[in-house]
Protein chains: 2
Amino acid sequence: MSTPTTGQRQYAKTPGQRARILDAAMAVFARRGERGASLREIAERVGMSQAGVLHHFGSKNALLLAVLDRFDQEDQPGHPLLTIDESVAFVREELVQGLQRPGLFQLQITLAAESIDPAHPAHDFFVDRYRRVTSQFVEPLDAAAASGGLRDDVDTTALAHLVMGAMEGLQLHHALNPEVDTVASFDLLLDVLAEAFIVSSTPDQV
Amino acid sequence: MSTPTTGQRQYAKTPGQRARILDAAMAVFARRGERGASLREIAERVGMSQAGVLHHFGSKNALLLAVLDRFDQEDQPGHPLLTIDESVAFVREELVQGLQRPGLFQLQITLAAESIDPAHPAHDFFVDRYRRVTSQFVEPLDAAAASGGLRDDVDTTALAHLVMGAMEGLQLHHALNPEVDTVASFDLLLDVLAEAFIVSSTPDQV
DNA sequence: GTCTATATTAAGATAGAC
DNA sequence: GTCTATCTTAATATAGAC
């Protein structure tokens, strides 16, 4: 029963090829944006024709959605972020990783900025994504505030937006000027915030 | 001599029309990016044909450069920024203005992100721009550090990048989610930084 | 599955009338 | 100065052979 002869013939669309196309699409979208990227450039990277790429994904739009889907997974924390320490460690690690895999952040920034346009095919995705990521960050902050780990007069929402905004803005600057040390600036922010807002039994703890 | 009859006839290319086209181009580039914008959409806004627009600027690329030129001017401080207070007040005011003129910041973010691609026509402009804006910020910080207004163990470059990065990242988030209060988050940052690094004779001063 | 060939659409740019 | 008409190019997508 491994290859049914009845019913519609299921073309495997070999997962291997799909993955290779996704890799290439991710890189090209990251460099050129969705609007600047062409199926031909993606196809060229994979070593096939433009029609070959479309055979696997049907349309450029579907390919974009598949890329966003995978991006979302790669970007997900392995476990739920319950404490501030975990959240901070997670985003900081993302920043460090980003230095070695510039493609991931570049994809994020390039597509997110393009997506400001409500007519952009990834608009809804990014609107939703930022909502999710924000709450993922606000929740540990609120929990900490409730349990006394954080000064209780802090606007946790403003704080979460600040940290996320700084992270992304720094990445944008870094992409345009590699001299920008994203991690140094981000650590500066984390240190200052910790000093100002974290109520800690043992001092000097981030 | 107001209209010389000798020599090459100088078509005025009425400054009024040029300005109207620039306005429209700025708005459309801000919404769609350079790659997503079309001369036709710009022309439609002005109420003329695509060929009419090209008559005034020659090419889409030239139009883009004209837009960047004007953007740079509108964004320039009226006077040199000598102290930290002046610099901070200036960028904060920009942020506040940005809420009422979303087009300006949207232009900045959208084109800057597109420009990460070295092949983008505005790449050099933004690389240069970030260099300039950064030094405009680092200089007052260094001056303050030298004169004792700032703790002298601060990495002023990292600090400048942090402030600029936060500003832009917050704008990006705001563009995708209007609930993001850019000014609130930015003020949070400024307060915390001032508290941590500014050596002030009178306390509580930003 | 992958190719070549082609249909279709949309873009920037040019030519020439008015 | 502005228009219409057209050239040229490049893109997505489809059809059909292998």
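Numbered from 1 within each chain, the chains take letters A, B, ... in sequence-line order. Quick caveat, the model's predicted, so the values are computed rather than measured.
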Open item on the list: I need a per-nucleotide contact map over nucleotides 11-18 of chain D, read 5' to 3'. Cutoff is protein heavy atoms under 4.0 Å; write B for the base, S for backbone only, - otherwise.
Closed with: BBBB----

Open item on the list: Please report the distance, rounded to the nearest Å, between CE in A:Met48 and C1' in C:dT4.
Closed with: 15 Å

Open item on the list: Rounded to whole Å, how long is the line connecting atom CG of B:Leu63 with atom P of C:dA11?
Closed with: 15 Å

Task: A:Asp155 side chain near B:Leu188 side chain, heavy-atom distance below 4.5 Å - done: no

TODO: May I have the distance from B:Arg32 (atom CZ) to C:dA11 (atom P), rounded to whole angstrom?
DONE: 11 Å

Task: Distance, rounded to the nearest Å, where B:Glu34 contributes CD and C:dG12 contributes P - done: 9 Å

Task: C:dC3 phosphate, OP1 or OP2, under 4.0 Å from A:Ser49 side-chain N/O - done: yes

Task: A:Leu170 side chain reached by A:Leu189 side chain, heavy atoms, under 4.5 Å - done: no

- [ ] Output the distance between atom CG (B:Leu95) and atom CG (B:Leu190), rounded to the nearest 0.5 Å.
- [x] 9.0 Å

Open item on the list: Does C:dA13 have its OP1 or OP2 closer than 4.0 Å to a side-chain nitrogen or oxygen of B:His55?
Closed with: no

Open item on the list: If you define the side chain from C-beta out and look only at heavy atoms, does anything of B:Leu172 sit under 4.5 Å from A:Leu172?
Closed with: no

Open item on the list: What I want to find out is whether A:Arg31 reaches A:Glu41 closely enough, with some N-O distance under 4.0 Å, to be called a salt bridge.
Closed with: no

Task: Distance-only side-chain donor-acceptor flag, B:Gln73 / B:Arg70, under 3.5 Å - done: no

Open item on the list: Rounded to whole Å, please give me the gap between CD1 in A:Ile21 and P in C:dG1.
Closed with: 11 Å

Open item on the list: Expressed as a whole number of angstroms, how long is the span from B:Phe57:CZ to C:dT14:C1'?
Closed with: 19 Å

